[in-house]
2 protein chains.
Amino acid sequence: MPRSQTRHSLANQILDIVRNARLEAGHHLREQWLGDLLGVSRTPIRAALDLLAERGAVETRKNQGFFLVQSFDALQRLQVEVPSSAEQSLYKQLVRDRLAGKLPGSVTQSEIAKRYDVDRGVLMRALSRLAEDNLVARNKGHGWRFLPTLATDVALRNSYEFRLAIEPAGILLDSFRPNPAVIERCRLQHMVLLSNPDLGSVDSAQLFETDVAFHEALAEFSGNLFLLQAVQQQNRLRRLFEFWSYGNKRRVRDWCREHLAIIDALEAQDFTRAANAMREHLTNAYEERPQISANAKSGKGSANRKKTLRA
Amino acid sequence: MPRSQTRHSLANQILDIVRNARLEAGHHLREQWLGDLLGVSRTPIRAALDLLAERGAVETRKNQGFFLVQSFDALQRLQVEVPSSAEQSLYKQLVRDRLAGKLPGSVTQSEIAKRYDVDRGVLMRALSRLAEDNLVARNKGHGWRFLPTLATDVALRNSYEFRLAIEPAGILLDSFRPNPAVIERCRLQHMVLLSNPDLGSVDSAQLFETDVAFHEALAEFSGNLFLLQAVQQQNRLRRLFEFWSYGNKRRVRDWCREHLAIIDALEAQDFTRAANAMREHLTNAYEERPQISANAKSGKGSANRKKTLRA
DNA sequence: TATTGTATATTCAGCGTCCATAATACTAGC
DNA sequence: GCTAGTATTATGGACGCTGAATATACAATA
C-alpha cells in the first residue's frame, strides 16, 4: 500500500473491471460504482481515472465524469506499469543475493543499509515483507537471519510435499464447492495457452499467473480459509524463484492438459477423480521440477537486471 | 521482542535449559555458554540471571559468576511470570470483543484508540501481530478489517480439517525422523498428566502447552519447514480461543492416551500406524471440540452463530 | 587460560511531528 | 434524483531524534 503505487494499482484493477464486464467504448465509468467495487472512496478512484485519462484509455467530460474511449477488447493489452518501488527491488535483490550465497545467514539492518545504500524505511519494509513470507526472521537480539526456506533444493521439495498434502485434501472436503463461472474462465485461459502453436510468444509471467489462478481457485472452492492461505503462501514463494523461465515448453503443455483433466472431473462432480488427478499433477510437476542450477545461472527473464548473482 | 520482556523470557528459557540438562545444585552457569545456546550475547543473559538470582533460583559469587542454588527437579515448578504488556492485553481484548460481536468487521485505528484508550504505538503493534496471525488485514484505503478466521464456528472446523490434512501427512513423509530424546520427554509429560488423579490441580496453560509441544514436535520431525510453520500457526490460533478451559477432564485423559498411542507407534517405527492414530486423534478432538459458548460467555452477539455447528 | 567484570560502540525501537493520501461533507450541474 | 466537482476532516505512513537494549572489546580475577 505504499506511495502513489496505489494509483497505478487501482488503475489496473479498473481496467480489469472493464474487461470483465465487457464494457464498450463510451461507457460512463461512475466513480462511486468503481469505489464500491474496489472498496475505496471516490478520491483514489478519481486519481486512478486521471491516470487512465493520461494514457488515453478514458476521457473526461466536464461535469459529467469519465468515459471509456476504447471498448474492452481494444484494452486487452493495456496495462499500467506499476513503478517498482525501491522496497520491491531491495526485496528481490536480497533474495537473489542470498540464493547466490553472497549474504551470510545472519545480517543486521545496518549491514544491509550500507551494502545497498538504502534508508531505513525502505529497508524495514523490505525486511517486514520478507518476514511475512517466512523468508527471514528476527534474531533474538539484533539482526535478522535467513530461514532455511531459502535453501532452494530442500525448500522446493518441501513445497511440493506440502502442496501434495493440502491441495488434493481440499478437493475432498465436504465444503468443497466449485464455482462454474470461475472454472469456465480457467478452462478458457488454459485453452488459449494450448491453442498457441508456439508457446514462445507467451511470456513466463502469464504462464505463471494462469497456473497460480488455477490452484488458488481450487483452494478457494474448498471453503477452508487456512488451506487457501497456505496455497497462496506457496505461490508467493514460487513467484520468487524465477526459475519459472518455463524453458521446458513440453512440460507447459503437459500441465495444461493435467489442469484441464482436473477441470473435467470437477465439472462431472467427480471429486475423487479430481483429487487423484491433482495428486498426479503435483507429483509430475515435482519430477519435472525446474532445475535450480539452470536458473541461478543467468535468469534470462531478467537479463536487464544487474548480473549480481552469477559471476 | 519488545521491552524488558526479553529478560523474563530469557530467564524462563534458562530454566528450561537447566531442566533439560538436568543440572544439579551448585552447577556453574557460564554466561557465554547460555548466550550461545540462546543466540544472544552475554549482556541479556546476565540480566536474566540477575532476575533469577532475585527469585532465589541461582546465586552470584563475586568474580565467579552464577551458580544453581537448587537442582533441576526442585525447579520444576518455577516459572518467571512474564509481565503482560499493554500490547498483549489489547491483542486479547480485541479478539475477545470481536468474538463477542462487540466490534464491527471493519475498524479504524482511531476508533480503537478511543475505545480502549491506548496510544498509537501499542495499537500498531497489536494490529501488526493480529495481521501476522492472519486475524485482521489492512483495508485498501484506511482501516482494518477482521478476517473470517475469527468467525469461530467455521474457523474451528477449518482448523481441524486443515490439521487433518497436514499432520498425518507429515508423519508419512520420507524425511520424517523422530527424535528419540524428544519423544521420551513428551511421553514423560503425558505420563505426569495421566498419573495425576485429579487433573483439577493442573492448570489449563500447562495442559495446552503439553498438547502443543507434542504436535509441534511431530511436525518438526517431518523435516518439512512449511508443515511446521503451518502447525505452529494453527497452535497460535488455538491459543487464542480460550475455551481451552478444559472443563472436560475426561477428554484430557483421552487425548493423553491417544498421544501416547501415537508415541508408541513412533517408537516401533510404525509410521503408518502412527499416521492413522493421528488421524483418529484429530477426528476425535473435533468431535469433542470445545464449546465456543463457554468462551464467548457474555456473547449475546454470537449466540446466533454458535448454533450453526452443532448437529 | 577461561571466565567474569566493566567500559564502549552499535543497533534498533519508541516517540513526536509532519504531510501525502483517503474519507467525508457539501455544492453545483445534468 | 443522480452524478461530478470542491472543500474539509482524518488517517496513518514517513522522517528524524533519542535512548534503552544489545553486542563487543578489553581489563581483572580465579
Side-chain angles (χ1 to χ4, degrees), chain A residues 1-10 28-36 38-50 53 58 60-67 85-87 106-114 118-125 127-128 138-144, chain B residues 1-10 28-36 38-50 60-67 85-87 106-114 118-125 127-128 138-144:
Chain A
M1 338 255 115
R3 301 220 151 286
S4 75
Q5 216 132 340
T6 37
R7 276 180 69 203
H8 297 80
S9 164
L10 275 179
H28 184 189
L29 295 171
R30 278 180 296 276
E31 296 172 1
Q32 192 60 57
W33 178 64
L34 291 170
D36 290 344
L38 296 172
V40 294
S41 70
R42 280 172 51 213
T43 318
I45 291 289
R46 175 168 277 263
L49 285 171
D50 280 333
V58 304
T60 167
R61 299 185 199 148
K62 185 71 179 167
N63 280 326
Q64 295 188 70
F66 296 89
F67 296 80
S85 65
E87 166 204 340
S106 183
V107 291
T108 67
Q109 284 189 11
S110 49
E111 275 168 26
I112 298 179
K114 211 166 289 178
V118 291
D119 59 23
R120 195 163 59 112
V122 176
L123 182 58
M124 275 309 293
R125 263 167 292 155
L127 283 174
S128 302
R138 328 181 64 88
N139 279 340
K140 279 219 186 89
H142 286 167
W144 302 70
Chain B
M1 333 275 109
R3 304 214 151 287
S4 75
Q5 212 125 343
T6 37
R7 274 181 69 203
H8 298 79
S9 164
L10 275 179
H28 183 189
L29 295 172
R30 279 180 296 276
E31 296 171 2
Q32 191 61 58
W33 178 64
L34 291 169
D36 291 344
L38 296 172
V40 294
S41 71
R42 281 172 52 213
T43 317
I45 291 290
R46 176 168 276 262
L49 285 170
D50 279 333
T60 167
R61 299 185 199 149
K62 184 72 178 166
N63 279 327
Q64 293 188 71
F66 295 89
F67 296 81
S85 64
E87 168 204 338
S106 183
V107 294
T108 66
Q109 284 189 12
S110 48
E111 275 168 26
I112 298 179
K114 213 167 288 178
V118 291
D119 57 25
R120 201 158 59 114
V122 174
L123 182 57
M124 275 309 293
R125 263 168 293 155
L127 284 174
S128 302
R138 330 181 66 87
N139 279 341
K140 277 217 186 92
H142 286 167
W144 302 69

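Order of the sequence lines fixes the chain letters, A, B, ..., with proteins taken first and strands second; residue numbering starts at 1 for each chain.
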Rounding to an integer number of Å, can you tell me how far [X] [atom1] sits from [N] [atom2]?
X	N	atom1	atom2	result
B/Gln32	D/dT22	CD	P	15 Å
A/Leu123	D/dC15	CG	C1'	15 Å
A/Arg46	C/dT21	CZ	P	16 Å
B/Ile45	D/dA23	CD1	C1'	13 Å
A/Arg42	D/dA7	CZ	P	14 Å
A/Leu127	C/dT11	CG	P	14 Å
A/Asn139	D/dA21	CG	P	19 Å
B/Met124	D/dG12	CE	P	9 Å

Of the listed nucleotides [options], the one nearest the side chain of [X]:
X	options	result
A/Ser41	D/dA23, C/dT17, C/dA22	C/dA22
A/Thr60	D/dA14, D/dG5, C/dC12	D/dG5
B/Val40	C/dA13, C/dT4, D/dA23	D/dA23
A/Pro44	D/dG5, C/dA23, C/dG14	C/dA23
B/Lys62	D/dG12, C/dA13, C/dT6	C/dT6
B/Trp144	C/dT6, D/dG5, D/dG12	D/dG12

What pair of heavy atoms forms the shortest contact from [X] to [Y], and how long is it?
X	Y	result
A/Val40	B/Lys140	CG1-CB, 3.6 Å
B/Phe66	B/Arg46	CZ-O, 4.4 Å
B/His28	B/Gln64	NE2-O, 3.0 Å
A/Arg7	A/Ala48	O-CB, 3.7 Å
B/Glu31	B/Leu49	CG-CD1, 4.3 Å
B/Ile112	B/Leu127	CD1-CD2, 4.4 Å

Quiz item: Considering heavy-atom distances to DNA chain C, does B/Val122 or A/Thr108 have its closest nucleotide positioned more toward the 5' end?
Solution: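 Nearest nucleotide further toward 5': that of A/Thr108.
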Quiz item: Of B/Asp119 and B/Arg61, whose nearest nucleotide on DNA chain C comes first from the 5' end?
Solution: B/Arg61
Quiz item: Hey, does A/Ser110 reach any base, or is it just sugar-phosphate, or nothing, if we go heavy atoms under 4.0 Å?
Solution: sugar-phosphate
Quiz prompt | base_contact_polar (D/dT22 base, B/Arg7 side chain, donor-acceptor, <3.5 Å) | solution = no
Exercise. Answer with yes or no whether B/Thr43 presents, from its side chain, a donor or acceptor under 3.5 Å of a partner atom in the base of D/dA21.
Key: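 In this structure, the two groups form no donor-acceptor pair.
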Quiz item: Where each residue is assigned the nucleotide of DNA chain D containing its nearest heavy atom, which of B/Leu10 and B/Glu111 is assigned the position nearer the 5′ end?
Solution: B/Glu111
What pairs of nitrogen or oxygen atoms, one from the protein and one from nucleotides 1-3 of chain C, lie under 3.5 Å apart?
{"residue": "C/dT3", "atom": "OP1", "partner": "B/Arg30", "partner atom": "NE", "Å": "3.2"}

Self-check item: Donor-acceptor contact below 3.5 Å, side chain A/Asp119 vs main chain A/Val122
Solution: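 Yes, A/Asp119 side chain to A/Val122 backbone: donor-acceptor pair under 3.5 Å.
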Quiz item: For A/Arg138 and C/dC12, is the shortest distance between a side-chain N/O and OP1 or OP2 below 4.0 Å?
Solution: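 No, outside the criterion.
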Quiz item: Distance check: side-chain N/O of A/Thr6 vs OP1/OP2 of C/dA22, anything under 4.0 Å?
Solution: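 Checking C/dA22 against A/Thr6, a side-chain N or O does come within under 4.0 Å of OP1 or OP2.
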Quiz prompt | Rounded distance (nearest 0.5 Å) linking atom CG of A/Asn139 with atom OG1 of A/Thr108 | solution =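 It is 10.0 Å, given to the nearest 0.5 Å.
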